[in-house]
Student: 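I have a structure here, written as structure tokens, and I will follow up with some questions on it.
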Amino acid sequence: MSATPVVRVNSLSKSYGTFPAVQDVSFDVQPGEVFALLGPNGAGKTTLIRMLMDITRPDSGTVEVLGRPVDGALKARIGYLPEERGLYKRSPVGELLEYYARLKGHDAAGARKLTTAVLERLELAPWAKKKVTDLSKGMQQKVQFMTALIGSPELLVLDEPFTGLDPVNVRMFEEVIAERRAAGATVLLSTHQMNKVEELCDRALMIHRGRRVLYGQIRQLMREHSDDSVVVRTNLDVSRAPGVSGVEKDNGSVRVHFTTESGPNELLAWLAANRAEVEEFRHMITPLEDIFVRVVAESGGAARSTVEGSTEVRR
Amino acid sequence: MNWRRVRTIAVREFLTTVRRKAFLLTLFLMPLYGVFATTMGFLPTMLAKRSTEARVIAIVDPARVLGAEPGQDVAMDEEWKARFFTAQNDAVRAFDKNEVRAILRLEPDYLSSGRTVQYRHQGGMISSRRVGPPITDFVRRRLLEQRVDKATVERALDPITDSVYVANSQGGFEPENLTKRLLLFLVPMGFGFILAVGIFSAGSYLLQGLGEEKESRILESILALVTPDELLAGKLIGLGSASMLLVLLWGTLGGVSLLFQTANMSLPPSTYAIGALYFFIGYFFFASFMLGIGSLVSTYQEANQWAAMTSISAMFPFFMISAILDQPNGPLATVLSILPWTAPVTMMMRLPAGGVPPWQIALSLGLLLLATLLMLRAASRVFRIGLLLYGKTPNLPEILRWARSA
């Protein structure tokens with residue numbers, strides 16, 4: 001990863017009184033990737049995002065976005081959907097979006113044009129003149145999403161974008177995120193919906209009690225937190241295969257565990273060499289949600305984190 | 001600070017404020033209320049003049065100390081007459097028939113004892129007060145006319161009629177101008193009032209707007225686009241402009257109505273210039289204070305309470321208005337016009353009276369400016385931290401720590 005990161009966070013800390021909200025967190029987000037920020041409630045995600053957006057100032061550490069510290073001018077290049085939803089309730093939707101576009105530095109004509117485009121993309125054009133308060137909750141969330149999207153920002157920071165949406169709108173949000181990514185935008189996504197993280201994201205950072213506990217490629221994290229076992233349904237007795245340390249019978253199938261020197265590839269080669277009839281061969285990967293729960297439980301004491309594929313233990 | 005963003009925020013704040021029902025009501029109803037209040041002041045007199053009710057007082061004077069014949073009607077003033085009786089019963093009959101409004105009985109030993117008795121209808125505080133002075137003056141005049149010459153009566157009733165000269169700013173004296181005397185009362189009142197209402201209404205809108213924004217949780221997405229200082233500046237300028245609109249309209253209306261009342265309205269232009277300075281700096285002083293407070297409260301309702309408390313405390317000079325106007329250069333007026341919290345309103349009351357030493361104006365403006373800069377700085381710091389606080393309102397030591405923090 002040689003390109004300049006879109007987000008570079010170095011040893012960031014922030015306390016509220018005696019409560020440490022974020023402690024010595026470092027990570028980066030690469031151009032064009034969809035990056036997940038994970039953590040249980042109260043882990044420090046919102047504080048971290050606010051420091052990223054220069055809404056809250058850190059006690060120590062540095063934040064760089066798009067190659068420099070965040071300032072007023074840079075904010076126009078970032079689209080932010082906060083978890084705390086809020087809109088000017090009495091403002092007409094179109095007027096509100098134009099206001100956001102103007103704050104991002106566009107002139108009146110440009111702001112109108114951008115507003116029309118984003119309203120059409122999110123299928124809310126007929127509601128442009130309606131007041132926010134007249135819209136349903138889901139529609140209001142779409143408007144909030146539009147305030148982040150307007151002006152095609154280079155970095156999108158989306159905090160719980162799918163909360164409260166119906167499946168049709170969830171699909172629409174996913175499509176828009178994919179479109180923005182294809183257009184070159186980078187996305188930082190904070191969500192508790194682990195299936196969405198698995199579907200959409202490349203890498204993830206997980207914090208707990210303000211500290212980094214997981215960080216890296218999502219596939220790699222999942223592999224690392226899996227025991228590399230496979231589920232096989234075959235006519236041969238796989239317990240006799242070399243490198244197999246144990247088997248568990250599971251509803252007609254067999255779950256196979258390996259010694260540290262062996263793995264699924266060796267078993268596959270053995271099955272092929274013995275001309276086995278194989279009905280099922282499935283690599284068991286622990287879902288991200290299970291990893292999340294396990295890490296949170298484990299990191300009540302020591303915090304474990306993975307950096308660029310290696311595993312380290314911090315105290 | 002990006003001034004383009006500040007302008008965008010200011011324009012929005014201005015438009016949102018001037019479209020508020022409360023603003024429009026204040027803008028148009030306040031002058032109407034002024035007209036209404038003035039009219040109401042004259043109404044009792046106007047109604048009394050139009051009344052067809054008998055404006056006759058019965059005077060029962062058995063000793064005839066006032067020298068009138070029984071049954072004789074004597075004018076007390078342009079409105080009221082006195083009808084003389086020697087028998088109480090005759091007066092009571094006239095009262096029962098509504099021929100007389102009240103009865104004044106002078107006891108037979110009135111000259112030595114001064115004892116009188118009044119009989120009148122229940123209630124009627126206003127009418128009884130209206131009737132009071134002409135009777136006293138009338139009795140006094142009749143008593144004197146019976147005993148001394150006419151010229152002495154006139155002198156006794158109106159002993160001091162000389163012209164009044166007042167000290168002027170050139171160190172001499174000039175004839176007192178009654179119009180100017182009226183102006184010396186009306187102009188400070190008007191100036192102080194317009195200034196106070198202009199400043200505090202804008203400050204209140206500011207506080208309420210911020211309360212609404214906090215309640216609707218919109219601030220986080222706005223702060224992702226602008227810096228807290230840009231938001232603060234945009235709000236101050238936008239709402240200050242809305243307040244300026246109020247002041248200009250009321251000031252124009254007030255000026256025009258004063259011109260109607262007197263052709264001789266002449267205050268030095270410097271008074272208006274200094275007034276504008278006090279308005280400008282005073283607005284920023286109170287508005288930044290209210291913004292700081294506004295960032296700490298969680299709800300619209302809480303914001304409203306603070307707006308009212310701030311306005312009432314800063315209107316303190318109005319509670320002292322008689323003392324200030326009585327001695328515009330006395331110690332109370334001087335101290336209040338120098339302290340930043342009360343300076344804008346008090347100085348505007350003092351200035352039209354004249355004689356305010358320039359050093360006091362300079363000191364007062366200087367202190368106000370300094371206090372405003374400090375207030376803006378503290379507000380900006382508290383604003384940055386307080387904006388995203390919800391729920392518990394911080395205590396004073398916490399607020400002071402934020403105000404001092406970098």
Side-chain angles (χ1 to χ4, degrees), chain A residues 16-17 46-47 49-57 59 65 70-92 95-108 111 132-133 140 143-148 150-151 153 155-159, chain B residues 1-17 19-21 208-210 212-234 238 295 298 300 380-381 383-392 394-395 397-398 401-402 405-406:
Chain A
Y16 293 109
T46 300
T47 303
I49 290 177
R50 283 180 179 170
M51 287 192 280
L52 212 69
M53 299 302 302
D54 192 37
I55 293 172
T56 304
R57 283 187 179 158
D59 295 337
V65 174
V70 182
D71 55 20
L74 196 65
K75 287 184 172 193
R77 295 164 66 189
I78 309 171
Y80 178 40
L81 173 73
E83 188 188 8
E84 288 275 14
R85 312 283 194 248
L87 297 163
Y88 289 113
K89 301 275 182 208
R90 282 177 293 202
S91 185
E95 208 175 279
L96 181 81
L97 292 170
E98 279 177 35
Y99 178 57
Y100 274 82
R102 296 295 305 267
L103 288 180
K104 287 187 179 183
H106 299 277
D107 60 19
V132 169
T133 189
Q140 286 188 21
V143 176
Q144 188 96 51
F145 189 41
M146 283 189 259
T147 63
I150 204 156
L155 171 66
L156 271 174
V157 179
L158 309 174
D159 199 350
Chain B
M1 184 107 74
N2 180 322
W3 288 102
R4 200 170 155 175
R5 278 200 292 264
V6 172
R7 195 184 63 193
T8 304
I9 297 166
V11 168
R12 189 190 178 279
E13 293 291 338
F14 176 80
L15 291 176
T16 310
T17 305
R19 284 182 200 152
R20 274 173 192 263
K21 280 191 194 111
Q208 289 163 3
L210 206 52
E212 267 178 8
E213 284 175 348
K214 286 200 84 173
E215 205 166 84
S216 68
R217 303 284 205 260
I218 194 170
L219 284 166
E220 187 156 357
S221 68
I222 297 288
L223 287 175
L225 289 173
V226 303
T227 63
D229 284 350
E230 286 165 357
L231 186 62
L232 188 106
S295 66
S298 299
Y300 176 76
S380 153
R381 289 168 179 177
F383 194 68
R384 171 179 268 273
I385 302 169
L387 276 180
L388 296 171
L389 281 183
Y390 301 111
K392 180 180 158 281
N395 57 30
E398 278 175 314
R401 200 178 64 236
W402 296 346
S405 68

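Note on naming: letters A, B, ... go to the chains in the order of the sequence lines (proteins, then strands), and numbering restarts at 1 for each one.
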Student: What residues, two or more places apart in sequence or in another chain, satisfy salt bridge (charged side-chain N to carboxylate O under 4.0 Å, His left out) together with B:Arg20?
Tutor: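 Per chain and number, B:Arg20 pairs via salt bridge (charged side-chain N to carboxylate O under 4.0 Å, His left out) with B:Glu212.
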Student: What is the distance from atom OG1 of B:Thr16 to atom CZ of A:Arg90, rounded to the nearest 0.5 Å?
Tutor: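 It comes to 9.0 Å.
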Student: What distance do A:Lys89 atom NZ and B:Ile218 atom CD1 have between them, rounded to the nearest 0.5 Å?
Tutor: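 A:Lys89 NZ to B:Ile218 CD1: 8.5 Å, rounded to 0.5 Å.
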Student: Nearest 0.5 angstrom please: A:Leu87 CG to B:Ile222 CD1, how far?
Tutor: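 Here the rounded value is 9.0 Å.
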Student: Need one label for B:Arg4: side chain, backbone, both or neither, based on atoms under 4.5 Å from any heavy atom in chain A.
Tutor: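 Side chain only.
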Student: For the interface with chain A, which of B:Val11, B:Asp229, B:Asn2, B:Val226 has the highest count of heavy-atom pairs at distances below 4.5 Å?
Tutor: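 Most heavy-atom pairs within the cutoff with chain A belong to B:Val226.
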Student: Applying ring pair (Phe, Tyr, Trp, His ring centres under 6.0 Å), name anything that partners A:Tyr80, two or more places apart in sequence or on another chain.
Tutor: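 Partners of A:Tyr80 by the ring pair (Phe, Tyr, Trp, His ring centres under 6.0 Å) criterion come out as none, since no residue qualifies.
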Student: Which answer fits A:Glu83, side chain, backbone, both or neither, if we ask what part of it has an atom under 4.5 Å from a heavy atom of chain B?
Tutor: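 When you check distances to chain B, no heavy atom of A:Glu83 falls under 4.5 Å.
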Student: For A:Ala148, is it the side chain, the backbone, both, or neither that has a heavy atom closer than 4.5 Å to a heavy atom of chain B?
Tutor: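 The answer is neither part of A:Ala148.
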Student: Flag the pair A:Leu103 / B:Ile9 as yes when at least one side-chain heavy-atom distance between them is below 4.5 Å, and no otherwise.
Tutor: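 Counting from C-beta outward, A:Leu103 and B:Ile9 do come under 4.5 Å.
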Student: Given side chains that start at C-beta, do those of A:Met53 and B:Glu220 come closer than 4.5 Å, heavy atoms only?
Tutor: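 Answer no - side chains too far apart.
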Student: Using heavy-atom distances under 4.5 Å, tell me whether A:Asp159 contacts chain B through its side chain, its backbone, both, or neither.
Tutor: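 When you check distances to chain B, no heavy atom of A:Asp159 falls under 4.5 Å.
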Student: Looking only at non-hydrogen atoms, find the nearest pair between B:Ser221 and A:Gly86 and report the distance.
Tutor: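 Smallest interatomic distance, heavy atoms only, reads OG-O, 4.1 Å.
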Student: Can you confirm whether A:Lys104 sits close enough to B:Leu225 that some side-chain heavy atom of one is under 4.5 Å from a side-chain heavy atom of the other?
Tutor: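 Yes. Closest side-chain heavy atoms under 4.5 Å.
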